[in-house]
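Just below is one structure, and these are the notes that go with it.
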Protein chains: 2
Amino acid sequence: MVSFVSNYQDQTQLLVAVDCIIFGFDNDEVKILLIKRNFEPEKGKWSLMGGFLQPNETATNAANRVLETLTGLQDVYLEQVHTYTDPNRDPVERTVSITYYALIKIEDHNEELSKQHSAHWFSLKETPELIFDHQQMVNHAINRLRYKTSVQPIGFELLPEKFTMRQLQKLYETILNEEIDKRNFAKKINQMDVLIKLEEKDMSSSKKGSFLFQFDKDKYENMAKEGFSFKL
Amino acid sequence: MVSFVSNYQDQTQLLVAVDCIIFGFDNDEVKILLIKRNFEPEKGKWSLMGGFLQPNETATNAANRVLETLTGLQDVYLEQVHTYTDPNRDPVERTVSITYYALIKIEDHNEELSKQHSAHWFSLKETPELIFDHQQMVNHAINRLRYKTSVQPIGFELLPEKFTMRQLQKLYETILNEEIDKRNFAKKINQMDVLIKLEEKDMSSSKKGSFLFQFDKDKYENMAKEGFSFKL
DNA sequence: AATATTAAGTGTATTATTTACATTTATAAA
DNA sequence: TTTATAAATGTAAATAATACACTTAATATT
């Protein structure tokens, strides 16, 4: 019998960080929140917001902390994506990075805080050059988001409480990167029966105005318990 | 402007490990390879095979190393699943664990090596009690495998080079945990046109014998380049 | 040599889902 | 009052998924 666990004492310890891919939606396109490095190395380049894992902190805790630091938001939708371990990925010192993507409602975030961190929202199609392996992280997160939004109703995390059918459709179109027929879209969404149609209309987009909807989270969760699955 | 990156020097370093969920298929059910702990804590309980991340090693390197140590196999299909960071997940010392699942052909592995590690194959339905958070890791890996096998032709990694249509079907039935009609299954697989039907028959399962097939990896990859996607 | 046994191999009809597509309507602005 | 604009809505056609049963090839038995 060979002992398969080496002595814990002899083992190398490493820095462990989390990096957050923060997604927002501005009614027209999906954006990510990046911060500008004002120190070397890679000063002037843009990067994801990150932070080191602290003693007694889970990676999820750390991601929440990092997120709150930059946006002021708590209780944000977060999902772990992938862990990057290339020994040379960070030129300063070897760091393992665990990535999370966050879905926030752009209008909710604290602009003062993000200004303090020289943060800026970028359209996914116009991201600037990123440090290290951050572009890869972003790509991976987008793929995961694409998959997840199509099988779970997490898209609503990116929209205001009340939204129009067109906003919702536009959101899915941008995330999935495909055009959708509006009648077919409405049909599919309505069939799933997870939206509450309000009396209220949004008058900003047209003369006729368009009805506002809300996501019925309780109803969805009850249906999910009964085996229903969201599928777009 | 607030400096968002703390000094690297001040930061806590942690042990980082990989744990491998090793899947195999024995023509009847999906199994995982577990090792029995012969030391405290949790002596006598079963666990995943794991190992610490070494200097200059990526997590994928580490997973490959761990896998070769236990099975003698190289170039095995490996996919990172999730990273576990609860500060108390390992009672001996705080350890971050990155999990990978591996798909191997059971008959290819080195039994001598696995015997040396007190390893044993368990049916997924009859896994023994596992240490720490290893059961959670297994569950997560199964879910990922379920998803991945249905959108990429990785199931073949679990089968011998030559296999019958029924073996392939049985494999999918066990992974996806649902019965499939054999005519519909064959139709779907044949439509995708990624199998080579051999002249050869396997005579072990019936008097009539059943034709053997091979996965045409090159053809699949060319088709994938052209936008084709495997979907079961 | 004939017969029995067993899993392999195969096709069609039905149902459900997805896609394509155009007109009317409510409201504000002119 | 008219005009302009996006919102709202339904149906037919095409495609995909499902349900379902008999014939065949080879071995084993008599």
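Residue numbering restarts at 1 for every chain, and letters A, B, ... go by the order of the sequence lines. When reading the values below, keep in mind they use all heavy atoms of this one structure, side chains included, and skip hydrogens, waters and symmetry mates.
For the pair A:Asn190 CG and D:dA8 P, the interatomic distance rounds to 11 Å; values are reported in whole Å. The CE-P distance, from A:Met192 to C:dT18, rounds to 10 Å in whole Å. Between the CG atom of B:Leu232 and the C1' atom of D:dT18 there is a distance of 14 Å, rounded to whole Å. Put simply, CZ on A:Phe185 is 16 Å from C1' on D:dT9, counting in whole angstrom units. At whole-Å resolution of the value, CD in B:Glu199 and P in D:dA26 are 12 Å apart. Look at CZ on B:Arg166: it is 12 Å from C1' on C:dT6, rounded to the nearest Å. The distance from atom CD1 of A:Ile189 to atom P of D:dA8 is 14 Å, rounded to the nearest whole Å. Rounded to whole Å, the distance from CE on B:Met165 to C1' on C:dG9 is 10 Å.
Between A:His109 and A:Trp121, the two ring planes are perpendicular [angle over 60°; tilted spans 30° to 60°].
Nucleic acid contact for A:Lys231: none, since no nucleic acid atom lies under 4.0 Å from a heavy atom of the residue. A:Met203 comes within contact range of the sugar-phosphate backbone alone, with a heavy-atom separation under 4.0 Å but no base atom that close.
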Worked check of ring pair (Phe, Tyr, Trp, His ring centres under 6.0 Å) between B:Phe163 and B:Phe215: CA-CA 9 Å; B:Phe163 50 84; B:Phe215 174 54; 8.2 Å; no
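Taking CG of A:Asp86 as the reference point, atom OG of A:Ser97 lies at 12.0 Å (rounded to 0.5 Å).
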Distances for protein N or O near nucleotides 20-24 of chain D N or O, under 3.5 Å:
residue: D:dC20; atom: N4; partner: B:Asp181; partner atom: OD2; Å: 3.1
residue: D:dC20; atom: N4; partner: B:Arg183; partner atom: NE; Å: 3.3
residue: D:dA21; atom: N1; partner: B:Arg183; partner atom: NH1; Å: 3.4
residue: D:dT24; atom: O2; partner: B:Lys208; partner atom: NZ; Å: 3.0

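Residue A:Ser205 places at least one side-chain N or O closer than 4.0 Å to OP1 or OP2 of D:dA7.
Figure legend: B:Lys31 and B:Phe122 shown without cation-pi pairing, the cationic atom not lying both under 6.0 angstrom from the six-membered ring centre and within 45 degrees of its axis.
By the salt bridge (Lys or Arg N to Asp or Glu O under 4.0 Å) test, A:Lys188 pairs with no residue at all, sequence neighbours left out.
Of the candidates B:Ile98, B:Val96, B:Thr99, B:Tyr84 forms a side chain to side chain contact (heavy atoms under 4.5 Å, CB included) with just one, namely B:Thr99.
Set against C:dT5, D:dA7, C:dA29, the side chain of A:Ser210 has D:dA7 as its closest nucleotide.
In this structure, A:Lys188 and A:Lys207 both approach DNA chain C, and ranking their closest nucleotides by distance from the 5' end singles out A:Lys188.
Judged purely by atom type and a 3.5 angstrom limit, B:His117 uses its side chain to pair as donor or acceptor with the backbone of B:Leu113.
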